[in-house]
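Below is one structure, written out as structure tokens, with a few remarks after it.
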Amino acid sequence: MISEKMYELGSKRSVIRELFEFGKKRAAEIGAENVFDFSIGNPNVPAPEAVKKAIIEILEQENPVNVHGYTSAQGDAEVRKTLAESINKRFGTNFGADNLYMTLGAAASISACFLALANPGDEFITFAPYFPEYRCFVEAAGGKLIVVPAQIENFQIDFNEFEKRINEKTKAVIINTPNNPSGVVYTEETIVKLTDLLKEKEKQYGHAIYLISDEPYREVAYDVNVPYVTKYYNDTFVCYSYSKSLSLPGERIGYIVVPDEMEDSKRVYAAVCGAGRALGYVCAPSLFQKVVAKCAGQTSDISIYRKNRDLLYDGLIKLGYKCVKPEGAFYLFPQSLEPDAYAFCERAKKHNLLIVPGDDFGCPGHVRISYCVKTEQIVKSLPAFEKLAQEYK
Ligand code: PLP
């Protein structure tokens, strides 16, 4: 007998996958240039030259046995030290190598945190719209995901709804800012309000409530401050990834920060190591640990995403679509033009526009448009968005 739960996870195709397959079929029929695929969040901006240079230098100059060998489970100590220093320089923090645990990207970072924390009956709260994989990761760790409904005027946190859901079973709260799918960055005011409330609840319930900050889009932000959450709240895990910042999603590399100020910090760090062990991660890819250390502080050319955001946002607003202006990540999350976002996305497909219903992100009545695509695709797609809007007039 196999695990029915795992069978279900592995055999159910996601809406995004379905769209991707549809897009391939349609491209064969009418040419790829006539299909406007806005479904997947795969960075289209290449990794910076510094990445290529770092790979070549490491391969040419370092001992291949070390380059390709196992590192210690938490990652190479020199790499962790370099990355900690880079974080400290940027955010005024005080981390050392022993506060970092190298991972296989943000997905691995958050799943390791969930597994490190969850005991039977524990609840993990997140805010819609949210990354759908949270449910799968939290449940695999034995926890229960609780979703706070979206505050659709601005996609900041609805604190009334949050207060209805937080209780003594709450083990952790997960935030993702800049956000997939809304592109919204939580303001400092939101972070202060959230962390003040968590401090109050920690006192009231007499135990730690951890804050897990899922940050693969930290560097993809347009002229706004993305508050560094450990500075506001001691019990914070930072789950970082180079998938988007250096356009390295296939290389699987990132880290978790466990600050010294966290309650029981040493035991928590050991539990993160234990979670990585139980998940069979062994260690993060050795070559890419060295590469990201050499490229510390660098990013891909984010200005391309900003140009795409401006073109698409301004274009859709002119056509009458309603959308909160995103300040980061590479997604737009407008309202669908009919209450049923699935029906709206089906109509969009007739115009060869591949966009994703918001229901899976916990936010019905909205659609996600992933604009990490060639700028020409956006320009060419606007008449199709116009025709689609006209169908509703
Ligand atoms: N968290 C969010 C909000 C994401 O959008 C993604 C990927 O798109 C991830 C985590 C996983 O990122 P990674 O490729 O670093 O595992």
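Order of listing sets the numbers, starting from 1, for every ligand and every atom in it. Only a predicted model underlies this, so the values are computations on that prediction, with no experimental measurement involved.
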Could you check ligand 1 for N or O atoms lying under 3.5 Å from protein N or O atoms and list the pairs with distances?
| from | atom 1 | to | atom 2 | distance (Å) |
| --- | --- | --- | --- | --- |
| ligand 1 | 1 (N) | D214 | OD1 | 3.4 |
| ligand 1 | 1 (N) | D214 | OD2 | 2.6 |
| ligand 1 | 5 (O) | N180 | ND2 | 2.8 |
| ligand 1 | 5 (O) | Y217 | OH | 2.7 |
| ligand 1 | 8 (O) | Y217 | OH | 3.3 |
| ligand 1 | 8 (O) | K244 | NZ | 2.9 |
| ligand 1 | 14 (O) | S243 | OG | 2.8 |
| ligand 1 | 14 (O) | R252 | NH1 | 2.9 |
| ligand 1 | 15 (O) | A106 | N | 2.7 |
| ligand 1 | 15 (O) | S241 | OG | 2.6 |
| ligand 1 | 15 (O) | S243 | OG | 2.9 |
| ligand 1 | 16 (O) | A106 | N | 3.3 |
| ligand 1 | 16 (O) | A107 | N | 2.9 |
| ligand 1 | 16 (O) | R252 | NH2 | 2.7 |

Just how far is it from atom OH of Y101 to atom CZ of R80, taken to the nearest 0.5 Å? 10.0 Å

Can the ring centroids of Y305 and Y371 be said to lie less than 6.0 angstrom from one another? no

Under a 4.0 Å threshold between the charged nitrogen and the carboxylate oxygen, would E57 count as salt-bridged to K294? yes

Run the numbers on Y233 and E202 for side-chain hydrogen bond (donor to acceptor under 3.5 Å, both in side chains), then give the verdict. CA-CA 11 Å; Y233 190 63; E202 283 195 330; 2.8 Å; yes

Cationic tip of K349 above F22 ring, under 6.0 Å, 45° of axis: yes

Is it true that R26 and E29 make a salt bridge, defined as a side-chain N closer than 4.0 Å to a carboxylate O? yes

